[in-house]
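In what follows, a single structure is set out as structure tokens and then discussed.
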Amino acid sequence: MSAIVPQLGDLGKSTRRRSKRLPWTVLVCLVIVAGVVLMTVFGAALAPQDPAAQHLTEVLAPPGSGHWLGTDELGRDVFSRLIAGARTAFVGPLVVTIGSMLIGNLLGLWSGYKGGAVDAIVMRWVDFMWALPGLLIIVVVAGAFGGGYWMAVALLLVLTIPFDTRIIRGATLEQATLPYVEAARALGLSNRRIMLLHIWPNLSATAVANAFLTFAGAIVALSGLSFLGFGVDPGSPDWGRMLSDGTNLLFENPAAALASGAMIVATAVSMNIIGDWLYESLSSRGGSK
Amino acid sequence: MTRKRSKRLVAVGATGVCVAALLTGCNGAEKPGAIGGKADHLRWGIVADSLDSVDPLTLTSGNALLATVYDALLTADAEGQLAPGLAESWDTPDALTYVFHLRKGVKFWDGTEMTSADVVASLDYDRLSPSPYESLFVNVANVTAKDPYTVVLTMKQADASVLSLLASVGASIFQKKFHDEHKTDFGKPGTLTMATGPYRVDTLNPTEGAEFSANPDWWGGTPTIRKVSVKPFKTVTSAALAYRSGGLDAVYPLADPRAFAASSKAKPVSVPGCKQTFMSLNTQVDPWNDVHVRRAFAYALNRKDLAIAEGDDAVPYDSLLPAQVLAKVADKADIDAMIGSLPTYGFDLTKAKEEIARSGHPDGVKGTFEVPEDGVRPKIAQAIAGMVAKAGIELDVKVLSEAQYTQRVGEGAAKDKVQLTIQRLDCSEEPNTTAGFLLDGSQADVAYANYAAYRNPEADKLVKAGISTTDRAGRFQAYSALDRLAAEDVPYIPLYLGKNALALSGRFAWPELNPFSSAYGPAAWVAQLKPAS
Amino acid sequence: MRTRATASLVVSRILVYAGMLVLISFVIFSLLYITPGDAVGNLLGTRRRTPETEELLRRQYHLNEPFLTQYWIWLKDAVRFDFGNSSVSTLPVTDEINARLPNSLILAGVAYVLTMLIGIPLGLAAAAKKSTAVDRGIVASVIVGFSTPVFVGAVALLYVFGVLLGWFPVFGAGTGFVDKLWHLTLPAISLAIAGAGLIVKHTRAVMIKVLDQDYVTFARARGLTSRRVYLLYALRNGLIPVITVSVPLLASLVTGAVLVEVTFSIPGIGDLLVRSAASQDLPTLQAIALLVAALIMVANLAADLLYMAADPRIRHGRSTT
């Protein structure tokens with residue numbers, strides 16, 4: 001699952017400088033993400049109707065004036081559920097992203113900067129995690145322990161950390177040999193200071209851009225887990241869950257079935273595009289390479 | 001690389017995007033002309049995880065499939081009246097003895113003749129092995145062979161329901177010799193089985209399904225359809241798509257006809273017969289041991305809406321033993337009058353809240369609601385949880401895989417039983433099948449029975465009274481009293497009665513499909529089909 | 001001298017992977033050991049609990065032994081491909097897996113080939129036309145490709161090509177190799193759409209790097225046509241790392257296919273995995289875990305070997321991929 005998340009460290013580095021103007025695609029993506037963030041923060045308060053209210057007499061209504069996206073198989077308003085569902089769809093990947101960025105960056109910096117035994121141990125661990133069948137681990141643990149949503153998020157986080165670690169370690173290795181690190185060391189600065197205040201700012205483009213890609217991967221992965229029944233509880237509004245519930249009704253009310261899928265795709269695409277754009281603009285501004 | 005070539009490459013890359021866009025505009029264009037299929041070959045889809053056994057007591061393969069393979073001593077006709085099967089006739093010299101005269105010349109698939117020794121061995125296996133049927137055989141003392149064509153069944157106490165049981169899949173007959181040789185792997189894919197039914201099992205593969213061929217020597221006449229391929233599907237949608245593309249001729253039984261119709265663009269037909277859907281509340285576990293909580297639960301349910309959510313042609317019902325189940329013991333007018341006099345729980349939130357206030361938990365209750373992932377029950381469970389929440393009953397809906405659910409309801413001890421669940425039961429023409437199964441206190445600690453762990457000495461007495469006589473009036477009196485008890489104590493909440501649905505391609509006809517043959521009894525539904533003229 | 005060095009490196013990699021395989025099997029075994037609920041209940045599955053069956057299972061699975069002994073016994077049997085019986089179907093786990101493995105392998109194989117056939121040409125085109133509309137178009141469709149959950153794409157393909165157009169069968173895995181291939185085409189395409197994104201990105205990045213190299217500039221300066229340079233120099237040097245990266249993808253396709261298997265009713269390993277996890281069928285879970293881990297190890301080993309064959313520097317430098 002995580003193996004599909006592309007490795008930013010290997011991405012082509014644009015040699016030609018782009019204009020500083022914000023491309024319209026990125027602008028659209030930013031608007032989409034801002035919308036999702038709003039829905040996440042305010043949740044059901046923004047919804048025109050109670051997302052949990054059932055109207056069993058009007059199930060699977062097509063999109064219309066009463067319900068913008070129609071109703072689901074329990075007569076709940078799909079549009080309202082879409083808004084309320086942003087929370088679980090967004091918060092889980094956010095936790096995965098931030099957690100993995102924090103831990104992955106620290107481990108990567110430490111390992112790349114220190115080298116030697118520390119590096120060897122960390123990288124063996126990364127190799128091991130890399131070799132673990134991710135989906136298998138999640139399914140086994142979540143299935144056996146009856147985990148639910150937060151279990152899935154935690155497992156995804158644990159499985160994502162090695163990817164970040166490897167990328168940051170690679171970038172740190174490149175930086176560690178540069179003269180400014182040598183100079184900082186000669187000045188007698190502490191290792192911690194060199195790592196966090198001198199090296200990391202030069203990696204920040206990679207780190208931040210990678211975070212966006214991690215997010216995009218996590219939202220797709222979590223929806224897959226919901227599809228398999230390892231995500232949120234049945235009944236809670238959640239994009240992945242709505243999508244899997246809706247698959248059976250695809251031919252009855254396609255809008256209800258596909259709206260949440262479209263939201264997942266739109267959010268993931270936006271995060272990917274913003275991540276790519278951030279990387280290109282940040283790394284060309286830094287100009288260190 | 002030329003410009004033109006690159007454009008083509010872009011087009012390839014964009015396919016995934018275009019397909020997603022196409023989908024939103026999907027209209028059901030009917031595809032004419034089905035592929036493949038011969039007039040005497042039925043391709044039958046079943047919604048199940050896998051087919052892994054043809055052991056008659058297996059829980060996963062389903063009665064419709066097993067009834068195609070096995071015969072029983074008796075059969076049930078379209079009205080639920082008992083008719084001869086492998087037994088040509090039977091007498092009841094006294095209330096505790098049944099004598100069955102076997103049909104002569106009935107052959108197993110391998111050509112050997114079926115005799116009383118096979119029947120005795122089969123019935124001993126059927127009644128003594130752990131299975132949902134075990135509890136129904138509880139009053140049988142022993143089965144013996146008097147001569148090669150006579151079997152005597154002796155009862156511990158009178159049980160008027162035993163004959164119906166002998167017309168069900170739970171009393172399937174198979175070859176003793178074969179079973180003795182394959183005790184540990186009987187019914188498994190590599191071993192299969194040896195029986196007398198209209199179709200013999202040629203192959204069974206857990207993932208690819210089963211192949212049956214007609215038994216030309218079947219005592220009921222050579223079946224018209226020569227070959228049957230059974231294929232398991234994980235979801236109703238995938239079965240519906242296969243049906244729509246012409247890869248299947250029939251899907252049966254069909255749990256979610258509406259979803260099937262939407263995906264297949266074909267209208268499934270209702271098969272006569274009925275399917276009871278009801279809630280069970282574990283009466284031995286807090287807070288459901290409080291009758292006021294149970295009543296509050298019943299009042300909080302809008303069963304009319306639930307029946308609509310079921311999507312079938314479902315209708316709400318009020319009595320645990322509905323009219324269909326009582327038909328054998330009374331006339332319709334009497335049954336309707338009796339059911340009309342029972343206490344009912346119409347949808348009324350005020351009353352629900354009053355009951356909660358009167359209960360030991362005036363501040364509201366919490367509970368776990370476990371249902372299997374069968375495509376329908378999770379939906380109904382959510383709808384129920386949404387309804388009762390308004391009365392202060394907060395439920396945590398847990399959806400289990402079908403295997404996990406079977407395992408869960410197999411936990412026998414009353415305190416370990418599921419707190420709340422939704423059950424589906426094919427209406428039996430024999431009231432004791434429902435009453436004894438659900439209300440007998442001696443079954444409270446037994447797996448696959450009395451899910452509410454209901455213990456009431458009065459109910460036990462009535463269950464006994466119901467089977468100890470064959471007199472209609474006496475039986476009706478007992479079952480009326482049981483119905484009333486169930487309505488007052490609410491261990492179960494009747495939700496709605498649905499119909500069985502079948503999807504059958506135009507290439508086949510089912511002139512007089514016998515409902516009891518399909519849902520309940522062992523006469524194979526496939527054997528009743530004919531190629532359409 | 002050099003062959004001996006290579007051989008020892010290969011052997012050491014094999015040993016490392018074998019060690020990791022044992023470690024993974026231990027981790028999975030421990031995870032399942034500490035699973036809540038009692039082991040006998042899980043092993044009983046749908047069978048009824050009686051003192052006799054309970055005792056039988058205890059003896060059969062050595063549940064009274066200490067944990068490490070249990071693991072050791074399991075491992076000894078596992079080496080002989082004996083994983084016990086499934087608690088759900090009561091069939092030998094090996095049979096259950098054998099019935100599904102061919103489907104999964106063919107599906108993964110076809111999906112892999114498609115991934116490469118879609119991914120590499122698109123990546124090459126994007127690199128060749130870097131920073132043009134073509135490049136941006138390809139990158140955009142790649143982003144949409146791997147931002148789309150696999151099962152959404154699968155349902156879409158199923159509907160359009162299976163139901164509306166009727167070109168492909170909509171269910172099952174078919175019988176016989178050719179028939180299987182035909183049945184598994186649509187599912188494989190669904191899988192390939194996501195995987196191709198990775199390959200396109202990688203190919204593009206590698207080719208851009210290669211095209212920047214001095215020898216390519218030099219070849220161009222000598223007057224070789226750009227097509228010739230592209231195919232002769234750049235492709236040869238660029239593709240090896242791409243293929244290396246893609247090998248682990250092959251292994252992940254085996255389990256990752258579960259979402260597609262459900263949609264297309266294909267009995268495969270991924271489906272068995274999810275089903276046995278949901279029903280806590282421990283013997284089956286352990287066997288699949290080991291199988292998948294082994295597949296991944298073999299794929300990683302193959303990637304390492306390819307890398308070594310392609311890049312002599314690796315043999316001398318540090319082997320951190």
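Every chain is numbered from 1 and lettered A, B, ... according to where its sequence line falls, protein lines coming before strand lines.
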Exactly one of C/V144, C/V139, C/I143 should register a side-chain contact (heavy atoms from CB on, under 4.5 Å) with A/I273. Which one does? C/I143
Among the options C/V16, C/L23, C/I28, pick out the one with the most heavy-atom pairs lying under 4.5 Å from chain A. C/L23
Which atoms form the tightest heavy-atom contact between A/V265 and C/P149, and what is the distance?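 Answer, listing the atom of A/V265 first, then C/P149: CG2-CD, 3.9 Å.
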How far apart are the closest heavy atoms of C/F146 and A/V220, and which atoms are they? O-CG2, 4.1 Å
Donor-acceptor pairs are to be reported for all side-chain atoms of residues 193-200 of chain C against protein atoms at under 3.5 Å, with residues two or more places apart or in another chain.
none

To the nearest 0.5 Å, what is the distance between CG (A/D276) and NZ (C/K201)?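 NZ of C/K201 is found 3.5 Å from CG of A/D276.
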Side chains of A/I264 and C/S147 in contact at under 4.5 Å (non-hydrogen atoms): no
Residues forming a ring pair (Phe, Tyr, Trp, His ring centres under 6.0 Å) with A/Y113, sequence neighbours excluded: none
